[in-house]
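Letters A, B, ... mirror the listed sequences (proteins, then strands); counts begin at 1. In this text, all values refer to a predicted model and were calculated from it rather than measured experimentally.
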Amino acid sequence: MTSAVERLAARVGEAVGAEVELERPKDPAHGDFATNVALRSAKAIGRSPRDLAQELAEKVVELEEIESADVAGPGFLNLRVGDRFYLDALAEIDERYGGGWVDRPERVQVEMVSANPTGPIVVSAARNGAYGDSVARLLEFGGHHVTREYYYNDAGRQVELFRASVDALRRGEEVPEEGYKGSYVADLAKLEGDPVPPMLASIERTMERFHIHFDSWALQSELEQRLAEFLPRLDTYEKDGALWARSSAYGDDADWVIIRSPEKGGTPTYRAADIVYLVDKLERGLDRAMYVLGADHHATAKWYRAIARMLGYDESRVEVLLYQFVHLTRGGESAKASKRSGNVFLLDDFMDEIGVDAARWYLVNRGPDQTIDVDLDLAAEESAKNPVYYVQYAHARIASILRSAGDAQDGADPPGPLAREEKELIKRLTDFPVTVREAAERRGPQLLPAYAIRLADDFHRFYQERRVLGVPEQAFRLDLIRKTQLVIARALNLIGVDAPESM
RNA sequence: GCGCCCGUAGCUCAGCGGAAGAGCGGCGGCCUUCUAAGCCGUUGGUCGGGGGUUCGAAUCCUCCCGGGCGCACCA
């Protein structure tokens, strides 16, 4: 399937005899579309870019869909297109618009959040989910088969400390010095049995509320038990009584212990489980295993790739998505995000304060490489001005018009030339497929909020200047806003935000 | 010391090889008409600094300065 913009680029390319990419100028004075073909090819032919551009402009303007072609700046070709282009572009928009670009679908697993079940999900871990889930949604929309998995440690030191903390309270004793002290520990102490399952259930409820659904949950303890099967496939050596993986020979910065020395209990480390887990993923039919890791785990990206190579897998099947920290402050003071102290900001509290949608938006709005600073005192105050509501409002406004329209006809061509606001809106809609695909391929969902704001901008301006109901253009405009609504809803959905019918 | 990331408007940040942007804040306008959570105007920047590559650099390379996070037989 080719889009109206791609078809236009092909036609222009044919006219000038070169591969042409069309871009949307930021400044509307620079036309509807622009291309730099002249700048690109001038040097090879040994001509001045502006001269060449002038010659190409004369050819391009012959095309029926092109209204004008002007040379600008160092040799850009600025194009204006006629109404036919806009109407064609609008006609191709439906529920699947912008998606399904993948030629060869992969089975992809995105493993994310994966916080130890020793306490509730905190805001910094939520960024992991907001980012990972948005990438997952983008890949799904492109046509991949995506599953989301939560991996947790149910047997390590931290979890034992957590269990010991709950047990201590049950016996009426103080929580151990290094133990977990949040009020949730006391709540769990009121129940019977292992506190891990109820803790996990609580985490799952929080994630569902945050619009993240996990398809599967993996346990570290089960994986560790299968280590023996894979030892022969590994490059290992013994030192100081422990068994080491020679990961430095496969691109990592160091070697790591996978089985502790007898003095330390002779038990497998979490890195042993990593190995089994990776094999399990790649052997159970995944084409690609994605890990979502925070800044404190950046170094393990090399480890994952190293063990993939050590085991003889194509390391491109392992992909690590890295993101920077969420730094919490309260009134200028740093609020430490340590689950142990209980002095933390929980995702549930964050959602209570600013709402689920603003929380999702907030955590995915910045690029993954950017540290997020959250001033908790300002977050609630600012949440009312969050751009997410600006975008949702555009969606709700459209819903309102459609309700008033009842079952009125839509879809006819407009009775006259398109208004400026209509053209701008349609042009923005044609940006959507490009934006979505780039966001997916760059693993950069932050492009979506930025796009959604632009689209809402164009809609609000259209709404301000043009009536939909009770005018000769009604049928056409109903079609236009219906499609605008579809795209807004899709852009929001891809970052896990709801598109309300009313506000 | 080594590794990863960041330094763009007063604040928080997009932009990642083509013609400097948004939100918030400040100032001034627009509601008998489909939701004013809206619209319009205005204010505001040696894109941390030096060198380099390129027809063209906020964007790529390099050095420096400033900041975050790692560098366990914890996870």
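Between A:I259 atom CD1 and B:C73 atom P the separation is 15 Å, expressed in whole Å. Between the NE2 atom of A:H460 and the C1' atom of B:A22 there is a distance of 14 Å, rounded to whole Å. As a whole-Å value, the separation of A:I453 CD1 from B:A37 P is 18 Å. Distance OH (A:Y362) to C1' (B:A14): 15 Å, rounded to an integer number of Å. With rounding to whole Å, A:M112 atom CE is found 23 Å from B:A75 atom P. Look at CZ on A:R157: it is 15 Å from P on B:A72, rounded to the nearest Å. Rounded to whole Å, atom C1' of B:A37 lies 14 Å from atom CH2 of A:W361. Residue A:D431 contributes atom CG, which lies 14 Å from atom C1' of B:G15 at whole-angstrom precision.
Taking the C1' atoms as reference points, B:C74 lies 45 Å from B:G21, given to the whole Å. Comparing the same atom, P, in B:C40 and in B:A36 gives a spacing of 14 Å after rounding to whole Å. As rounded to the nearest Å, B:C27 and B:G17 have C1' atoms that lie 38 Å from one another. As rounded to the nearest Å, B:U12 and B:C31 have C1' atoms that lie 31 Å from one another. Distance check on atom P: B:C2 versus B:A20 gives 38 Å, rounded to whole Å. Taking atom P in both B:C34 and B:C13, the straight-line distance is 39 Å, to the nearest Å. Comparing B:U59 with B:C71, their P atoms sit 32 Å apart, to the nearest whole Å. As rounded to the nearest Å, B:G28 and B:G68 have P atoms that lie 40 Å from one another.
A:Y362 has its side chain within reach of A:I372: a pair of non-hydrogen atoms, C-beta onward, lies under 4.5 Å apart.
Figure legend: A:R397 and A:F459 shown without cation-pi pairing, the cationic atom not lying both under 6.0 angstrom from the six-membered ring centre and within 45 degrees of its axis.
Here A:Y323 lies out of heavy-atom contact (under 4.0 Å) with every strand. A:Q392 comes within 4.0 angstrom of no nucleic acid atom, judged by non-hydrogen atoms across all strands. Among the heavy atoms of the strands lying under 4.0 Å from A:Q220 are primed sugar atoms or P, OP1, OP2 only; no base atom is included. If you check every strand for non-hydrogen atoms under 4.0 Å, A:D240 touches a base. Across all strands shown, A:A450 has heavy atoms under 4.0 Å from sugar-phosphate atoms exclusively, and none from any base. A:R467 comes within contact range of at least one nucleobase, with a heavy-atom separation under 4.0 Å. Counting any heavy atom pair closer than 4.0 Å across all strands shown, A:A34 reaches a base atom. When heavy atoms are screened at a 4.0 angstrom cut-off, A:E238 is found touching no nucleic acid atom at all.
When each of A:D373 and A:R40 is assigned the nucleotide of RNA chain B bearing its nearest heavy atom, the one mapping closer to the 5' terminus is A:D373.
With respect to A:E473 and A:R466, no salt bridge is recorded, no charged nitrogen being found less than 4.0 Å from a carboxylate O.
Between the base of B:G18 and the side chain of A:N36 there is a donor-acceptor pair shorter than 3.5 Å. Between the side chain of A:Y270 and the base of B:A75, a donor-acceptor pair under 3.5 Å is found. Side-chain N/O atoms of A:N386 and base N/O atoms of B:A37 include no donor-acceptor pair closer than 3.5 Å. A donor-acceptor contact under 3.5 Å is formed by the side chain of A:S261 with the base of B:C73.
Using a 4.0 Å cut-off, some side-chain N or O of A:R397 falls inside it from OP1 or OP2 of B:A36. Neither OP1 nor OP2 of B:A22 sits under 4.0 Å from any side-chain N or O of A:Y451. Contact annotation: A:R366 side-chain N/O to B:A14 OP1/OP2 distance is not under 4.0 Å. Considering only side-chain N and O atoms, A:R442 lies under 4.0 angstrom from the phosphate OP1 or OP2 of B:G15. OP1 or OP2 of B:A75 has not a single side-chain nitrogen or oxygen of A:Y151 nearer than 4.0 Å. In this structure, A:Q464 does not reach the B:C31 phosphate: none of its side-chain N or O atoms is under 4.0 Å from OP1 or OP2. Proximity of A:Q370 to the phosphate of B:A14: a side-chain N or O atom is located under 4.0 Å from OP1 or OP2.
Put simply, the side chain of A:E422 gets close to the backbone of A:A419: a donor and an acceptor are under 3.5 Å apart.
A:Y180 and A:F162 have perpendicular rings, their planes meeting at more than 60° on a 0 to 90° scale where under 30° would count as parallel. Taking the six-membered ring where tryptophan is involved, the planes of A:Y151 and A:Y277 are essentially parallel, since the angle between them stays under 30° and well short of 60°.
Of all nucleotides listed (B:C13, B:C73, B:G70), B:G70 comes nearest to the side chain of A:A299. The side chain of A:L39 sits closest to B:G18 out of B:G18, B:C69, B:C39. When the nucleotides B:C73, B:G25, B:G3 are ranked by their closest atom to the side chain of A:K385, B:G25 comes out on top. Here B:C74 is the nucleotide among B:C39, B:C74, B:C13 with the atom lying nearest to any side-chain atom of A:R260. Of the candidates B:G15, B:A75, B:G18, the closest approach to any side-chain atom of A:L447 belongs to B:G15. Side-chain proximity of A:Y463 to B:C73, B:C34, B:C69: nearest is B:C34. Distances from the side chain of A:K264 to the nucleotides B:C74, B:C73, B:G70 place B:C73 closest. Listed nucleotides: B:C34, B:C69, B:G38. Nearest to the side chain of A:I401: B:C34. Each of B:G18, B:C73, B:C6 was ranked by its minimum atom distance to the side chain of A:D369; first place goes to B:C6. The side chain of A:Q446 approaches B:A14 more closely than any other nucleotide in the set B:A14, B:G18, B:C39.
Of all nucleotides present, none satisfies the Watson-Crick or G-U wobble test against B:A9 with each distance under 3.5 Å. Under the Watson-Crick or G-U wobble criterion, with both distances below 3.5 Å, B:A14 is left unpaired in every strand shown. Checking B:A75 for Watson-Crick or G-U wobble geometry (two distances, each under 3.5 Å) identifies no partner in any strand. Across every strand in view, B:C2 sits in a pair with B:G70 that passes the Watson-Crick or G-U test at under 3.5 angstrom. Look at B:A19: it lacks any Watson-Crick or wobble partner with both distances under 3.5 angstrom. Base pairing of B:G51 is made with B:C61, judged by Watson-Crick or G-U wobble geometry with both donor-acceptor distances under 3.5 Å.
When every heavy atom of A:Y131 is checked against every heavy atom of A:V364, the shortest pair comes out as CA-CG2, 4.4 Å.
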List the steps, then state whether side-chain hydrogen bond (donor to acceptor under 3.5 Å, both in side chains) holds for A:D240 with A:S261.
CA-CA 7 Å; A:D240 305 329; A:S261 57; over 6 Å; no
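Judged by distance alone, the side chains of A:Y389 and A:D357 never bring a donor and an acceptor atom under 3.5 Å apart. No donor-acceptor contact under 3.5 angstrom links the side chains of A:E438 and A:Y451, judged on distance only.
Using a 90° window around 0 for the glycosidic torsion, B:C64 falls outside it and is classed as anti.
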